[in-house]
> 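Take this structure first; my questions come after.
Remember, predicted model here, so these are calculated numbers, not experimental data. Convention: sequence-line order gives letters A, B, ...; per-chain numbering from 1.
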Amino acid sequence: MLDPKILRSQPDVVAAKLARRGFIFDLERFTSLEAQRKRLQGETEQLQAERNSGSKRIGQAKARGEDASPILADMDRIKARLADIEGQLVALQDEFDGFLGGLPNTPHDSVPDGKDENDNVELRRWGTPRPAAGAKDHADLGEALGQMDFAAAAKLTGARFTVLRGGLARLHRALIQFMLDVHTREHGYEELYVPYIVNEASLRGTGQLPKFGEDLFTLQGEQGWRLIPTAEVPVTNLLRDEILDVGLLPRKWVAHTPCFRAEAGSAGRDTRGMIRQHQFEKVELVQATTPERSYEAHEQLTGHAEAILKKLDLPYRVVALCTGDMGASAAKTYDLEVWLPSQDRYREISSCSNFEDFQARRMLARYRHPETKKTELLHTLNGSGLAVGRTLVAIIENYQQADGSIAIPDALKPYLAGLERIAK
RNA sequence: GGAGAGGUGGCAGAGUGGUUGAAUGUACCUGACUCGAAAUCAGGCGUACGUGAAAACGUACCGGGGGUUCGAAUCCCUCCCUCUCCGCCA
């Protein structure tokens, strides 16, 4: 959610920033809603004040044994008026909230302008991409090994699921352990275990609801529970309705969770292989810090995710998403893209974003400013560190051998009891 | 799943319809005393929104939502959560 105060005081500035991401800010509608809000809220509070003082006087009169009926008559009028105005205010508030909730975050000044992914800016490359010539894709390699079974998963559930067996299942598990160890031991994150089912308030807090509910799996029942699409939801919402001591900052959390995505609207995209699944594992990094330090934290967090790719010796590049390609809640996003020889290109394996106070405002995640003693909104950030399924894909493809076996990256060997390669 | 007891400020804990945003204790902040600290004394100390340049003022909030009433922390309905006992269970 954007700051309504800034929206009021500098609507043109906000509109210009939103226009950079191709979003038309309806200034006229905002102005009209705001004017109505101001009027209705003022009137409501005025009437409430009259009601309160009237009720007090009734109490006082009764305490003195006096007749309160003249005041009571007055109260009838106030009550009827208040019910009317208050009803209008509530309706307007709903509309206003819907309008505000529909606004994306303003992009940071450093974010490149652009319409879609073609306008993203490559910042750096690391490693030497393996040539595409002669490279098999991970699905072929995995199936040939008899350790990646899409047909079995389709029987059990349906499309976009995978059954892993033997060495690949083990490698997949080792990756999780490896990533958690690096982030906790070398990067100073606290490891968390969190629920994989969350309530609607949490999804609202991080911005998946109300707009992006079609990407979520909903559980039956009246609670409105959903499967998490990312650990970002349970982890970041730990901050909801909290006021943190500034000494606790920055908070740095890492959690491994499965992620569940309906992938509505992805029909026909990445249908082959493990690239786009309804269920996948991810190790997620989340940070909360002060506004002054969030961009520094953004660079660091991105570096933490990159460290995994470096240790695994997987070629990748870092891309700054342009204004048109960023998620609605983000102020700035870097994507890490890993080299996939079978596709002869880089594919997203991590997305690291600074949300500034956009999420924090929705969920009232604050800290106490040490000097002013006032509450200030935190800045929240997160990034994949990394998407485990896609990391597995990248290892299979980049470490494939001529005989169809898969070499094990050195960094993972301690997690696989010294196993040198995965073969049939 | 069954039965019962509860959910009030950072914590503890009063408050069963009226000047209560809420006693009291504790923690914390400021000041006094002290060489300094402790102890003691005095004052301060919730969050959000709104109006305002500011000071300040107004409104809302006692688990969530709804209701009764001129007036609700207090009464009613409903949902959620916690605790105890029983049952079941990885």
Side-chain angles (χ1 to χ4, degrees), chain A residues 1-10 30-31 33-101 193-205 209 219-226 234 237-249 258 357-378:
Chain A
M1 200 175 112
L2 291 175
D3 188 349
K5 285 183 197 128
I6 294 179
L7 235 34
R8 282 195 290 267
S9 60
Q10 316 173 33
F30 172 76
T31 310
L33 285 170
E34 171 59 14
Q36 289 180 69
R37 193 227 93 227
K38 195 165 171 170
R39 179 176 62 79
L40 288 170
Q41 183 170 342
E43 205 166 336
T44 297
E45 292 184 358
Q46 172 67 30
L47 286 164
Q48 285 170 331
E50 286 176 32
R51 179 199 60 194
N52 291 346
S53 71
S55 292
K56 249 175 211 178
R57 281 187 286 125
I58 289 169
Q60 287 165 342
K62 286 197 171 175
R64 288 195 300 265
E66 295 170 7
D67 179 20
S69 52
I71 313 174
L72 277 165
D74 229 26
M75 295 298 283
D76 275 347
R77 203 176 37 76
I78 292 169
K79 201 186 177 187
R81 189 84 197 289
L82 183 58
D84 176 35
I85 300 290
E86 222 170 4
Q88 289 184 48
L89 179 63
V90 168
L92 183 89
Q93 204 64 258
D94 276 354
E95 197 183 343
F96 208 168
D97 289 347
F99 178 79
L100 276 178
Y193 169 78
V194 293
Y196 304 155
I197 298 173
V198 292
N199 57 33
E200 290 188 355
S202 295
L203 290 155
R204 238 177 273 283
L209 288 178
L219 271 58
Q220 214 159 31
E222 285 160 30
Q223 301 100 327
W225 287 354
R226 320 279 178 126
N237 272 280
L238 289 171
L239 300 161
R240 178 150 50 90
D241 294 319
E242 297 291 334
I243 302 172
L244 266 54
D245 191 284
V246 74
L248 287 171
L249 300 176
D357 61 14
F358 192 83
Q359 292 180 328
R361 183 169 293 104
R362 278 184 208 238
M363 63 176 128
L364 282 184
R366 297 151 293 176
Y367 69 100
R368 181 82 56 190
H369 195 280
E371 267 130 54
T372 64
K373 305 290 180 198
K374 291 193 169 169
T375 61
E376 307 280 348
L377 292 169
L378 288 161

> Quickly work out the A/R240 CZ to B/rA48 P distance and round it to whole Å.
16 Å
> Pick the C1' atom in B/rC61 and in B/rA73, then give their distance to the nearest Å.
11 Å
> Quick one, A/F96 and A/E34 - any side-chain contact, counting heavy atoms below 4.5 Å?
yes
> With rounding to whole Å, what would you report as the distance between B/rU47 and B/rC35 at their P atoms?
37 Å
> In the structure shown, which nucleotide is the Watson-Crick or G-U wobble counterpart of B/rC61, with both distances under 3.5 Å?
B/rG46
> Does this structure show an ion pair linking A/R81 with A/E43, if we count only N-O contacts that are shorter than 4.0 Å?
yes
> Answer yes or no: is there a side-chain heavy-atom contact under 4.5 Å between A/M363 and A/E242?
no
> In whole Å, measure the gap between the P atoms of B/rG25 and B/rC80 for me.
39 Å
> Does B/rG36 have a Watson-Crick or wobble mate here (both distances under 3.5 Å), and if so which one?
none
> If you take all heavy atoms of A/L2 and A/F358, which pair is closest and at what distance?
N-CE1, 3.8 Å
> State, yes or no, whether a side-chain contact exists between A/D74 and A/E50 at a heavy-atom distance under 4.5 Å.
no
> Across all strands shown, which nucleotide pairs with B/rU68 by Watson-Crick or G-U wobble geometry, both distances under 3.5 Å?
none
> Grab the CD-P distance between A/E376 and B/rU47 for me, whole Å please.
12 Å
> For the P atoms, the ones on B/rC88 and on B/rU78, what distance do you get once it is rounded to whole angstrom?
30 Å
> So what's B/rC41 paired with, Watson-Crick or G-U wobble, going by both distances under 3.5 Å?
B/rG31
> Hydrogens and angles aside, do A/E86 and A/Q48 bring a side-chain donor and acceptor to less than 3.5 Å of each other?
yes
> Applying a 4.0 Å non-hydrogen cut-off, can you work out what A/K374 is touching in the nucleic acid: base, sugar-phosphate, or nothing?
nothing
> P atom, B/rC62 versus B/rA56: distance in rounded Å?
26 Å
> Considering only side-chain heavy atoms of A/R368, which listed nucleotide, B/rG46, B/rC70, B/rG50, is closest?
B/rG46
> In residues 73-93 of chain A, which ones come under 4.0 Å of RNA chain B, going by heavy atoms?
A/M75, A/K79
> Provide the Watson-Crick or G-U wobble partner of B/rG1, both distances under 3.5 Å; none if there is no partner.
B/rC86
> Mind running side-chain hydrogen bond (donor to acceptor under 3.5 Å, both in side chains) on A/R240 and A/S202 for me, showing each step along the way?
CA-CA 8 Å; A/R240 178 150 50 90; A/S202 295; 2.9 Å; yes
> Do A/V246 and A/H369 come within less than 4.5 Å of each other through their side chains, counting heavy atoms only?
no
> Which base sits across from B/rG6 as a Watson-Crick or G-U pair, both distances under 3.5 Å?
B/rC81
> Any heavy-atom pair between the side chains of A/E200 and A/R226 that's under 4.5 Å?
yes
> With rounding to the closest Å, how many angstrom separate the C1' atoms on B/rG21 and B/rG4?
33 Å
> Collect all protein-nucleotide pairs involving nucleotides 18-20 of chain B in which both atoms are nitrogen or oxygen and the distance is under 3.5 Å.
| unit_1 | atom_1 | unit_2 | atom_2 | d |
| --- | --- | --- | --- | --- |
| B/rG18 | N2 | A/S55 | O | 2.7 |
| B/rU19 | O2 | A/Q60 | NE2 | 3.2 |
| B/rU19 | N3 | A/Q60 | NE2 | 3.3 |

> Does the structure show a Watson-Crick or G-U wobble partner for B/rU74, both distances under 3.5 Å? Name it, or say none.
none
> So do the side chains of A/R37 and A/L33 get within less than 4.5 Å of each other, counting heavy atoms only?
no
> In whole Å, what is the span from the CG atom of A/D241 to the P atom of B/rC80?
20 Å
> Using the C1' atom in both, what is the distance from B/rC41 to B/rA60, to the nearest Å?
37 Å
> Here's a test of your reading of the structure: between A/K38 and A/L364, which maps to the more 5' nucleotide of RNA chain B?
A/L364
> Is there a side-chain contact between A/Y367 and A/T375 (heavy atoms, below 4.5 Å)?
no
> In residues 42-52 of chain A, which ones come under 4.0 Å of RNA chain B, going by heavy atoms?
A/E45, A/Q48, A/A49, A/R51, A/N52
> Who does B/rC11 pair with, Watson-Crick or G-U, both distances under 3.5 Å?
B/rG25
> Measure across A/M75 and A/S55 and return the closest heavy-atom pair with its distance rounded to 0.1 Å.
CE-OG, 3.5 Å
> Is A/R39 touching bases, backbone alone, or none of the nucleic acid, heavy atoms closer than 4.0 Å?
nothing
> Quick one, A/R8 and A/F30 - any side-chain contact, counting heavy atoms below 4.5 Å?
yes
> Considering only atom C1', compute the distance from B/rC77 to B/rC28 and round it to an integer number of Å.
41 Å
